[in-house]
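One structure below.
Throughout, protein chains are lettered first and strands after them, A, B, ... in sequence-line order, and every chain is numbered starting at 1.
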Amino acid sequence: MDREVRVRFAPSPTGALHIGGVRTALYNYLLAKKLGGKMLLRIEDTDQNRFVPGAEEYIIESLKWVGIGIDEGIEQGGPHAPYRQSERKDIYREHALRLLNEGKAYYAFDTPEELEAMRERLKAAKVDNPQYNSITRLQMKNSLTLPEAEVNERINAGEPYVIRLKVPRKEEVRLNDLIRGWVMVHSSTIDDKVLMKSDGMPTYHLANVVDDHLMEITHVIRGEEWLPSAPLHVLLYRFLGWEDTMPQFAHLPLLLKPDGNGKLSKREADTLGFPIFPLNWNGIDHKTGEQVFSQGYREAGYLPEALINFLAFLGWNPGTQQELFTMNELVEAFTIEKVGKAGVKFDINKAKWYNQQYIRIKTDEELATNYLLPILKEKNIDCSPEKAAKISSIMKERITFPSELWSEVTYLFDRPESYDETVVQAKWTSEAVRVIADFKQALQGLSSILKADTAKDTLHTVLEKQGVKIGKVMQALRLAITGVGAGPDLMQIMEILGKEETTTRLGNALDKLQDRAK
RNA sequence: GGCCCGUUAGUGCAGCGGUUAUCACGCCUCCCUUUCACGGAGGAAACACGGGUUCGAGUCCCGUACGGGCUACCA
């Protein structure tokens, strides 16, 4: 029974794609590629109340950005189209009816109020887990308790109804999870789940099982929140006669809050100051109805390869000591058995570290054209590609986000207006002033272009002549040129600034700070 | 409450019956250096607890505690 490996990522378009969803998609993708299989994207839009316009496009764009390729889905089509569940209603209905005819499901007419009353009644009677099941269904309004004639009458009259699964009273349901091993659940703890809602849409459970079977899915990799209902799904496969081709299940540990307890939420991410969505998202809050904006990882300056590497290591580890993996290397190294079982606390620091690593392996030109130049253009600052590459070169080992290519060295584009007071007080000495004055003169006497090497030689000549050690003046010199006390190599900065600009700045500093020397 | 899943340093992990318990992030110290970073060398820091099984347990079993998930005509 050698089937082609087929996995799916099946999000609901109820809003932006959560970062945990990206990880789930990633693990699916890695497994598919590792095993030479296919990755499908299926949109599970069966809840009409929670449907959010734009969410589907957002999901697609997010996956593209991080580099998770889809083989079959709404964009690329495929042999099992449509890949949007709302367009497959007839298929689900057909299967629900089949279960009905075979006595494995039944119609139920109970109103929400009646269901609520039933739960209240059971709670009052100290029942641990109030549910619609093999016992309680006998007291409810359904095709098991009502005469057939009445059932038909109600349906023909257009009365709302749902179709429920007739879960057996006493049965052990087992499933062998790829990550957790055997999980056993007694059918008495599973209730008679609704399969078809009164609006004609299937619930997740039915649609999921039907589609996974029809789409020939071999591995279901999803979040741990689905583990409790997995036995129900096993039951559905059995009732539909599909048990021999039932996919293998793997339930991923959840992403938890960095501190405290609970699963990672948007609210928590907001207060801790890191993104929860891959891309910027403009949406409306379901509860308040207000317009809300969330910054995405992309816009916050995270590189997709860094995000992927970080996410891959949240709950998975290759067992070696390699930390940096390209997508292809991840594919190569991935095994589902190496996925951990415990919930994972989300630590944004590690993501930042990965970002640094990936920035550093980019070429100066890449950094310049993809990040620095666009920023400068937006700020209306003129800069040659060569100069931008040079700046990238001296900055890339010092930054976490590409935006810092500019923000950390704004003095390369604007002359300092003021000087860091603490540095002035500590380092602006009369000795330094003498050296800077001489250095300025020497620089002016230089012919043509200023290179870092010549700047250094020139400085040393002055230093030697005056008998001053370099350590005594460097900070002051840096202050004069940049206005601040720290930054990349000063000689490189002078080269970038050029002779004219450097000497002008030295003159300015000498002027402005002339009374401050100690 | 009930059901299910889990528990190695602050965080992410390695370990798959016998190790001085691995590596990385973060933190601290020192070195390098014109500063800050980078880099290098060190350091502090963990098997939740209690019972078993075994010559031997972080590794297997049971219990407790703690954490998480589910408990909808949401996914």
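Of the candidates rC38(B), rU34(B), rU7(B), the closest approach to any side-chain atom of Ile470(A) belongs to rU34(B). Closest to the side chain of Glu225(A), out of rA75(B), rC4(B), rG15(B), is rA75(B). When distances run from any side-chain atom of Val185(A) to the nucleotides rC73(B), rC4(B), rC5(B), the shortest one goes to rC4(B). In this structure, the nucleotide among rG68(B), rU35(B), rG26(B) sitting nearest to the side chain of Glu224(A) is rG68(B). Listed candidates were rG12(B), rC4(B), rC23(B). Nearest to the side chain of Leu227(A) is rC4(B). Nearest nucleotide to the side chain of Asp489(A), out of rC74(B), rC5(B), rU34(B): rU34(B). Among the nucleotides rU7(B), rG26(B), rU35(B), the one closest to any side-chain atom of Ala342(A) is rU7(B). Side-chain atoms of Val183(A) lie closest to rC5(B) of the nucleotides rC5(B), rU34(B), rC70(B). Counting only heavy atoms from C-beta on, Trp226(A) has its side chain closest to rA75(B) among rA75(B), rG69(B), rU35(B). Closest approach to the Leu256(A) side chain among rG68(B), rG6(B), rC70(B) is made by rG68(B) (side chain taken as heavy atoms from C-beta onward).
Ser143(A) places no side-chain N or O within 3.5 Å of a backbone atom of Tyr106(A) that could act as its donor or acceptor partner. In this structure, Lys263(A) contributes its side chain and Gly343(A) its backbone to no donor-acceptor pair below 3.5 Å.
Trp353(A) pairs by the ring pair (Phe, Tyr, Trp, His ring centres under 6.0 Å) definition with nothing, not counting sequence neighbours. Every residue two or more places apart in sequence or in another chain that forms a side chain to side chain contact (heavy atoms under 4.5 Å, CB included) with Asp211(A) is listed here: Arg42(A), Gln85(A), Arg88(A), Tyr92(A), Met215(A). Applying the side chain to side chain contact (heavy atoms under 4.5 Å, CB included) rule to Ser407(A) yields the partners Glu404(A); only residues at least two apart in sequence or on another chain are considered. Among residues two or more places apart in sequence or in another chain, the side chain to side chain contact (heavy atoms under 4.5 Å, CB included) test is passed with Thr461(A) by none. By the ring pair (Phe, Tyr, Trp, His ring centres under 6.0 Å) test, Phe325(A) is found to be paired with Phe313(A), residues two or more places apart in sequence or in another chain being considered.
Pairs of residues two or more places apart, or lying in two chains, that qualify as salt bridge (Lys or Arg N to Asp or Glu O under 4.0 Å) and include a residue from residues 475-496 of chain A are Lys390(A)-Glu495(A), Lys451(A)-Glu495(A). Every pair passing salt bridge (Lys or Arg N to Asp or Glu O under 4.0 Å) that includes a residue from residues 354-364 of chain A is listed here, sequence neighbours excluded: Glu305(A)-Lys362(A), Arg360(A)-Glu397(A), Lys362(A)-Glu366(A), Asp364(A)-Lys396(A).
Atoms CZ (Arg42(A)) and P (rA75(B)) sit 13 Å apart, rounded to a whole Å. When the C1' atom of rA75(B) is taken as reference, atom CG of Asp212(A) falls 14 Å away, rounded to whole Å. When the P atom of rA14(B) is taken as reference, atom CD of Glu337(A) falls 13 Å away, rounded to whole Å. Computed from coordinates, the Asp191(A) CG to rG2(B) P distance equals 18 Å when rounded to whole Å. In this structure, the CZ atom of Phe274(A) is 20 Å from the P atom of rC25(B), given to the nearest Å.
At least one side-chain nitrogen or oxygen of Lys263(A) sits closer than 4.0 Å to the OP1 or OP2 atom of rC70(B). Look at Lys338(A) and you'll find a side-chain N or O under 4.0 angstrom from OP1 or OP2 of rG15(B). Using a 4.0 Å cut-off, some side-chain N or O of Thr46(A) falls inside it from OP1 or OP2 of rA75(B). For Lys345(A) and rG68(B), the shortest distance from a side-chain N or O to OP1 or OP2 is not below 4.0 Å. The shortest distance between the side-chain N/O atoms of Lys197(A) and the OP1/OP2 oxygens of rA75(B) is below 4.0 Å.
Non-hydrogen atoms lying under 4.0 Å from RNA chain B are contributed by Arg119(A), Asp128(A), Asn129(A), all within residues 118-134 of chain A. Within residues 158-167 of chain A, the residues having any heavy atom closer than 4.0 Å to RNA chain B are, in order of number, Val162(A), Arg164(A).
Between the side chain of Ser229(A) and the base of rC70(B) there is no donor-acceptor pair of N/O atoms closer than 3.5 Å.
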Name each donor-acceptor pair under 3.5 Å that joins a side chain in residues 164-173 of chain A to protein atoms two or more places apart or in another chain, with its distance.
unit_1	atom_1	unit_2	atom_2	d
Arg164(A)	NH1	Asp192(A)	O	2.7
Glu171(A)	OE2	Arg238(A)	NH1	2.6

Dot-bracket, 5' to 3', for RNA chain B please: Watson-Crick or G-U pairs under 3.5 Å, [ ] where pairs cross earlier ones, | where the partner sits on another strand, dots elsewhere.
((((((((.[[[..)..(....]]].(((((.......)))))....[[[[[..)....]]]]])))))))....
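Using a 4.0 Å cut-off between charged side-chain N and carboxylate O, Asp191(A) and Lys193(A) make a salt bridge. Using a 4.0 Å cut-off between a side-chain N of Lys or Arg and a carboxylate O of Asp or Glu, Glu431(A) and Lys469(A) do not qualify as a salt bridge.
For Tyr354(A) and Tyr302(A), the ring centers sit 6.0 Å or farther from each other.
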Sugar-phosphate atoms are those with a prime plus P, OP1 and OP2; base atoms are the rest. Using that split, label each nucleotide of nucleotides 57-62 of chain B B, S or - for protein heavy atoms under 4.0 Å, 5' to 3'.
------
When you look at Tyr419(A) and Trp428(A), which way does the side chain to side chain contact (heavy atoms under 4.5 Å, CB included) test go after all the steps?
CA-CA 11 Å; Tyr419(A) 300 89; Trp428(A) 194 256; over 6 Å; no
